[in-house]
Amino acid sequence: MWLSPFYPSPQADAGYDVADYRDVDPLFGTLADADKMIAEAKARGLRVIVDLVPNHTSSRHRWFEAALAAAPGSAERQRYVFRDGRGPQGAQPPNDWQSVFGGPAWTRLPDGQWYLHLFDSGQPDLNWDNPEVRAEFLDILRFWLDRGVDGFRVDVAHGLIKQADLADWQEPQEILSGQEVDQPRPPMWDQDGVHEIYREWRRLLDGYAGERVLVAEAWVEPAERLARYVRPDEMHQAFNFEYLLASWTAPAQYAVITRSLEATDSVGAPTTWVLSNHDVVRHASRLGLPVSGGRPNGIGIGDPQPDAALGLRRARAASLLMLALPGSAYLYQGEELGLPEHTTLPDEARQDPTWERSLHTQRGRDGCRVPIPWEADAPSYGFGPTDASWLPQPPSWAEYALDRQQGVPGSTYELYRTALRLRREHGLGRGPLRWLSSGDEVLTFTNRGLTVLTNFGAAPVPLPAGAEVLAASAPLDGDAVGTDVTVWYRG
Ligand code: NOJ
């Protein structure tokens, strides 16, 4: 169970702006509640991973408040990235970097200095060349390890170290699709210096009893570069965003699966798989967009709308394919309901800083963060006691509610349960995967005695005579597997 940040925060970026790393925001409860939750999760055989946000703090963190109160050049400012500006009176930012959420990555203070924020202005970047910052995070890790957490999802793991000269950078900064291993690195991402930090953290975790893990959130491509984060003395796993971004075609899926397995095998780490999270359009909608794959940054009223039926059909096929792959699969709350993106969210309701910072050109990620429906007929679909929910839920979500799907054969929820049970029973996470076919339209592989077939093509594909079907993402037509369908079978 991975929890996104629950620490005291002004919520400038849904809690990824942490004001105090050692407490719980009153919005969510208390530290005692966190302790209880960790204990109860353990009692149920669940492990808990908390989100660690080391690239930046909140601008309301006591360190940043001290930095604002202190003079340029002071020790307080050395914990962050403060610089004088360029041009007459230093009125231009120190370099041309853009915030991931839009607009410049620098904000100027009344005393004339600028501070760096790769994300929102409420998220000043820490200076990881400062030993005090390193010591502080080792202590934060200990704080949560001592409370019994099983690990950390490390936010922006590829961003902590910046190239020393803070050189200008013209290219699109966030996603580096198609990068080759030895291409020049953007000066703010994936700098070699980050690895030393994770080696130190790994030594700390290894000193704790039980299995404690570090999981990198690093938007780094290609897979060979990402694999450097999971070398034996660094993190345990890294989210595989190249997989999430791959197009829904047989050649693209074959290529990304093969490449991912090879890259992590080369360093002896498990491969990971992920289709949805709180930063991307839910895959039940993404795969129904006119051009599938990619990472559209939010869908809103007036944008090209996904084909809901196509999206759900492909999402079920994609999830069943993913859950047959060796390695670790990460699921995002709501995907087990086949939940689509909320694409008709009123703009006034938006919380994602992207909407304002991009001057209303990017809708942002709110559409995948709407509280999920538990009960079709209850206020806020059972999420809370009243109809008020953090982001408004659309009226069309009753049909996705858990209580409409539980025990209903063929529902997306029951499909996930079947797949997860079989995955566990057959040890699919441990592999190995062997390809039987990798054509332009159909992929077939075996894993631990199961055969998995996905049909991406227009023509139905017959199963071999006598095949015993264990799971299918859509009903078969006799023995034929239709378009955008995955089947697990024996024989
Ligand atoms: C990645 C997180 O997943 C995202 O939600 C957040 O906005 C950025 N990092 C900044 O912390």
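When reading the values below, keep in mind they use all heavy atoms of this one structure, side chains included, and skip hydrogens, waters and symmetry mates. We count ligands from 1, going down the list as the structure has it; atoms in each ligand are counted the same way.
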Tell me the protein heavy atom at minimum distance from atom 4 (C) of ligand 1, and give that distance in Å. Asp279 OD1, 3.2 Å

Pairs in or reaching into residues 107-117: which pass salt bridge (Lys or Arg N to Asp or Glu O under 4.0 Å), with residues at least two apart or in two chains? Arg77-Asp111

For Arg369, take its heavy atoms, then give the atoms of ligand 1 lying under 4.0 Å from any of them. 5 (O)

Does only the side chain of Phe239 get under 4.0 Å from ligand 1, or the backbone, or both, or neither? Count heavy atoms. neither

salt_bridge(Arg62, Glu136) N-O dist < 4.0 Å: yes

Tell me the protein heavy atom at minimum distance from atom 2 (C) of ligand 1, and give that distance in Å. Asp155 OD1, 3.1 Å

Give the numbers and elements of all ligand 1 atoms closer than 4.0 Å to a heavy atom of Arg365. 4 (C), 5 (O), 6 (C), 7 (O)

Exercise: identify the closest heavy-atom pair between Ala252 and Ala246: O-CB, 4.4 Å

Are Phe383 and Tyr381 an aromatic pair by the rule of ring centers under 6.0 Å? no

Quick one: look up the protein heavy atom nearest atom 6 (C) of ligand 1 and list residue, atom name and how far away it is. Asp13 OD2, 3.3 Å

The atoms of ligand 1 lying under 4.0 Å from a heavy atom of Val156, numbered in the order shown, are 9 (N)

With atoms numbered from 1 as shown, which atoms in ligand 1 lie under 4.0 angstrom from a non-hydrogen atom of His56? 10 (C), 11 (O)

With heavy-atom distances below 4.0 Å as the criterion, list the atoms of ligand 1 near His278. 2 (C), 3 (O), 4 (C), 5 (O)

Could you check whether Phe6 and Trp144 have their ring centres less than 6.0 Å apart? yes

Measure the spacing between CD1 of Ile49 and CG of Leu214 and express it to the nearest 0.5 Å. 9.5 Å

His117 and ligand 1 - part of the residue with a heavy-atom distance under 4.0 Å: neither

Tell me if the centroids of the rings in His278 and Tyr16 come within less than 6.0 Å of each other. yes

